> 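Below you'll find the structure I mean.
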Amino acid sequence: MTPAELSAAVRAAVQAAVDAGDLAVPVPAEVRIERPRVKEHGDYATSVALQLAKPAGRPPREVAEAVATRLRETAGVAAVDVAGPGFLNITLDAAAQGALAQTVVDAGDSYGTGSAMAGEKVNLEFVSANPTGPVHLGAVRWAAVGDALGRILTAAGADVTREYYFNDAGSQIDRFARSLLATAKGEPVPDDGYAGAYIEEIAAQVVAQNKGVLDQDEATAQETFRVAGVDLMFEEIRSSLADFGVVFDVYFNEKDLHDKGELDDALKRLTEQGRTFEQEGATWLRSTDFGDDRDRVLVRSNGEPTYFLADCAYYLDKRQRGFDRCIYMLGADHHGYVGRLRALAACFGDDPDQTLEVLIGQLVNLVRDGEPVRMSKRAGNVVSLEDMVDAIGADAGRYALARYSSDSPIDLDLDLWARRGNDNPVYYVQYAHARVASLLRNAAELGLDKGELQPALLSHEREGALLGALGEYPRVVATAAELREPHRVARYLEELAGTYHRFYDACRVLPRGDEEPTDTHRARLWVVEATRVVLANGLRLLGVSAPERM
RNA sequence: GCGCCCGUAGCUCAGCGGAUAGAGCGACUGCCUUCUAAGCAGUUGGUCGCAGGUUCGAUCCCUGCCGGGCGCGCCA
């Protein structure tokens, strides 16, 4: 019996009590079931009686009894106790719990998927680092978390498009181009420019690809460096992200917005909506009407559009491409954008609560030998995605970044995450998978076939704990999707790995030596295979490999 | 000054209103002649920043304070 089925059974028990006139309450749409921390409290517990006590006008324990009486008649339910103030503690019989192994194995790759977000078209924009340098660490957090979230939302049934907004227009790009040109000429980079080894490399490549570029006049040469430099930089970004396992469905060029006149369209639309005004020669958006701190300039007094107008055009473009929900993943240093992004959606006539969502990720610091690794793009000692992958590998990097709540700033200890040991959480989880895989290989060698599951044989306490943990997985994925919190999947996997290791320690799966295989061996093989399914599915959601051997 | 985030074990962090607040690391002690010891079992460890409020019940929700991080351009 799955938690979802049990939840439905409890609800049915409430319904039955109401139908019989024992309770006069509206039946809740959904009954929450939880797994108690203490095993004396049964396999599952619900506080539904505590919640219904008030509307019923009865003491919670009386309500609990009324529900318990009906629930005890449910097939698979071994015992229902009323405990404490009115909790219902439910114990399943071994067969009902063991049947979960079958559910998991039968579902295979699709175990954990759901339909809560079916039909929802989601645009997930993340990284979007400017092509003026390698992908830096703040953006890398979102590469790991964003890609994982994309997989999780997909598992929840959403139609997800991963998108990278690629700023190939504007003054930062001009500074980048000027820096390349100066470096190629052997001149010092401008004060507001970019420096570092990567600038020298790109400059050299541009020169190699464009013979005679240094003989061009200043403006032409700068344009050559801009186009070629952005191209090279972007290719480097794309390939380092691909090495990290992150591939976007759409790489959206800001320049296209300009070239296609979408900024003008957006401005016209906002003006038609009556949201713009002129002041001191500039055109403004009255974003304060929708909660922004201050109004924002759309077109400068010199006639140049602002970056913010491009943001408006870009949002409009996303909506016109049919996205119901536009999710932006930003670093904490950009949280000041939230207000204006919400306001711009509202200015177009949308309800920002429905169509726009901004996720903020706190900053990431690297620590090595107990000392923070300082970084500065200007000075050129950038800590990039590639540096991190070189130091700890893609699996550890993705896992390390995805296992923490985005709300909490993190210090990544490179020494720890590079270690191939048990203090490294990613190895703990991967090791569990490798152990499972090894066991399944051995079973195959022995010619042990798991046959037909006899769930009632799975009565060991550690088997029950493992089955219970396996049953939680779909809810974990659903919650991670709903709250946009991939770290829940990682934490769950660590718990599952621990539960498996404890099961493994206590329950011999394969027959020893010349021992004859029993149905218990075969039943346990079902549980092991179910564990493999869940560990593999969970790691896949995080974009981390599930090794067969370690 | 205003805004967002954070404050939980020695350290790094979980805990979308429930029962006795958890995990890993660290420290200490045990467990490998047969399925991976990258594992397991045990010991150690807490005024959930402080003060009020909401309620059957608050680490969680609300208010105020204290402490820390990050923001508040006709920059991008």
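What you see is a predicted model; the values in this text were computed from it and never measured. To find a chain, count down the sequence lines: A is the first, B the second, and so on, and within it residues start at 1.
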> Please determine, for B:G57, whether a Watson-Crick or G-U wobble partner exists with both distances under 3.5 Å, and give it or none.
none

> Have a look at A:E515 and say if it touches a base, only the backbone sugar-phosphate, or nothing, with a 4.0 Å heavy-atom cut-off.
nothing

> Partner lookup for B:C4, please. Criteria are Watson-Crick or G-U wobble with both distances under 3.5 angstrom; report none if nothing qualifies.
B:G69

> Please determine, for the side chain of A:R300, which listed nucleotide (B:C74, B:C35, B:A14) has the closest atom?
B:C74

> What contact category does A:S47 fall into here, base, sugar-phosphate, or nothing, at under 4.0 angstrom with non-hydrogen atoms?
base

> Report the base-pairing partner of B:C40 (Watson-Crick or G-U wobble, both distances below 3.5 angstrom), or none.
B:G30

> Between A:T276 and A:T271, do the side chains contain an N or O donor and an N or O acceptor separated by less than 3.5 Å?
yes

> Considering only the P atoms, how many Å lie between B:C25 and B:G39, rounded to the nearest integer?
7 Å

> When you measure from the side-chain N and O atoms of A:R32 to the phosphate of B:C16, is any distance below 4.0 Å, counting only OP1 and OP2?
no

> Looking at A:R340, does any N or O in its side chain come under 4.0 Å of the phosphate oxygens OP1/OP2 on B:C4?
no

> For atom P, what is the distance between B:G64 and B:G22, given to the nearest Å?
32 Å

> Applying a 3.5 Å limit to both distances, which nucleotide forms a Watson-Crick or G-U wobble pair with B:C11?
B:G24

> Which one, B:C74, B:A41, B:C13, comes nearest to the side chain of A:E280?
B:C74

> Provide the distance between the two P atoms, one in B:G18 and one in B:U59, to the nearest whole Å.
10 Å

> Does any nucleotide pair with B:A19 by Watson-Crick or G-U wobble geometry, both distances under 3.5 Å, and what is it?
none

> Using a 4.0 Å heavy-atom cut-off across all strands, classify A:R502 as base, sugar-phosphate, or nothing.
sugar-phosphate

> Mind checking A:A332 for me? I need base, sugar-phosphate or nothing, with any heavy atom below 4.0 Å counting as a touch.
sugar-phosphate

> Considering only side-chain heavy atoms of A:R37, which listed nucleotide, B:C6, B:A19, B:G39, is closest?
B:A19

> Name the pairing partner of B:G45, where a pair is Watson-Crick or G-U wobble with both distances under 3.5 Å, or state none.
none

> Please report the distance separating the C1' of B:U12 from the corresponding atom of B:U55, rounded so that it comes out in whole Å.
35 Å

> Closest nucleotide of RNA chain B for A:Y307 versus for A:R441: which of these residues is on the 5' side?
A:R441

> If you check the A:H487 side chain, which of B:G18, B:G15, B:A37 turns out closest?
B:G15

> For A:K255, does the NZ atom sit with more than 12 other heavy atoms under 6.0 Å from it, leaving out its own atoms?
no

> Please walk me through it: do A:S47 and A:Q51 pass side-chain hydrogen bond (donor to acceptor under 3.5 Å, both in side chains)?
CA-CA 7 Å; A:S47 60; A:Q51 282 142 21; 3.1 Å; yes

> Look at A:Y500 and B:A38 and indicate whether a side-chain polar atom (N or O) is within less than 4.0 Å of OP1 or OP2.
no

> Which nucleotide in the set B:A14, B:C56, B:A38 lies at the smallest distance from any side-chain heavy atom of A:K54?
B:C56

> Using only side-chain N and O atoms of A:S408, determine if any of them is under 4.0 Å from OP1 or OP2 of B:G7.
no

> When both hydrogen-bonding distances must be under 3.5 Å and the geometry is Watson-Crick or G-U wobble, what is B:G52 paired with, if anything?
B:C62

> Is there a donor-acceptor contact under 3.5 Å linking the side chains of A:T91 and A:D43?
no

> Taking any heavy-atom pair under 4.0 Å as a contact, classify A:Q172: base, sugar-phosphate, or nothing.
sugar-phosphate

> From C-beta outward on A:Y427, which listed nucleotide comes closest to its side chain: B:C5, B:U36, B:A38?
B:A38

> What contact category does A:I410 fall into here, base, sugar-phosphate, or nothing, at under 4.0 angstrom with non-hydrogen atoms?
sugar-phosphate

> At under 4.0 Å between heavy atoms, what does A:L298 touch on the DNA or RNA strands: base, sugar-phosphate, or nothing?
nothing

> Looking for any heavy atom pair under 4.0 Å, which part of the strands does A:A443 touch: base, sugar-phosphate only, or nothing?
nothing

> Which one, B:U12, B:A38, B:C35, comes nearest to the side chain of A:R508?
B:C35

> Mind checking A:L50 for me? I need base, sugar-phosphate or nothing, with any heavy atom below 4.0 Å counting as a touch.
base

> Quick one: is B:G69 close enough that its OP1 or OP2 comes under 4.0 Å of any side-chain N or O from A:H335?
no

> So, OP1 or OP2 of B:A19: does either fall under 4.0 Å of a side-chain N or O from A:N89?
no

> So, does A:R403 get its side chain near the phosphate of B:A14, meaning an N or O under 4.0 Å from OP1 or OP2?
no

> Select base, sugar-phosphate, or nothing to describe what A:G84 touches, counting heavy atoms under 4.0 Å on all strands.
nothing

> Measuring centre to centre across the rings, with the benzene-like ring taken for any Trp, is A:F234 within less than 6.0 Å of A:Y251?
yes

> When you get a sec, tell me which of B:U36, B:U12, B:G18 is the closest nucleotide to the side chain of A:Y404?
B:U12

> On RNA chain B, does the nearest nucleotide to A:F308 precede the nearest nucleotide to A:Q362 from the 5' side, or the other way round? Give the residue.
A:Q362

> For A:N442, report the nucleic acid contact type (base, sugar-phosphate, nothing); a contact means any heavy atom under 4.0 Å.
sugar-phosphate

> Where does B:C32 land, syn or anti, given syn is within 90° of 0?
syn

> Write down the atom of A:D295, the atom of A:S287, and the distance for their closest heavy-atom approach.
OD1-N, 3.1 Å

> What does A:Y504 touch in the nucleic acid at a heavy-atom separation under 4.0 angstrom: a base, only the sugar-phosphate, or nothing?
base

> Think A:R141 forms a cation-pi with A:Y404, using NZ or CZ under 6.0 Å from the six-ring centre and within 45 degrees of its axis?
no

> Quick check on B:C16: is either OP1 or OP2 less than 4.0 Å from any side-chain nitrogen or oxygen of A:R488?
yes

> Would A:Y165 and A:N253 satisfy side-chain hydrogen bond (donor to acceptor under 3.5 Å, both in side chains), going step by step from the backbone distance to the final call?
CA-CA 6 Å; A:Y165 183 53; A:N253 291 1; over 6 Å; no

> From the set B:U20, B:A38, B:G18, return the single nucleotide nearest to any side-chain atom of A:V38.
B:U20

> Quick one: CG on A:L330 to CD on A:E125, what's the gap to the nearest 0.5 Å?
7.5 Å

> Given the P atoms of B:C61 and B:C4, what is the spacing between them in whole Å?
14 Å

> If you measure from the P atom in B:G3 to the same atom in B:U54, how many Å do you get, rounded?
25 Å

> When rounded to the nearest Å, what value does the distance between C1' atoms of B:G57 and B:G17 take?
8 Å

> Going by modelled atom types, is there a donor-acceptor pair between the base of B:C35 and the side chain of A:S438 at under 3.5 Å?
no

> For the side chain of A:E34, counting heavy atoms from C-beta on, which of B:C40, B:G18, B:C13 is nearest?
B:G18

> Look at all strands and tell whether A:H501 reaches a base, only sugar-phosphate, or nothing, counting heavy atoms closer than 4.0 Å.
sugar-phosphate

> Could you give me the CA-CA distance, side-chain angles and deciding distance for A:H460 and A:R524, then say whether side-chain hydrogen bond (donor to acceptor under 3.5 Å, both in side chains) is met?
CA-CA 10 Å; A:H460 193 283; A:R524 284 179 176 168; 5.4 Å; no

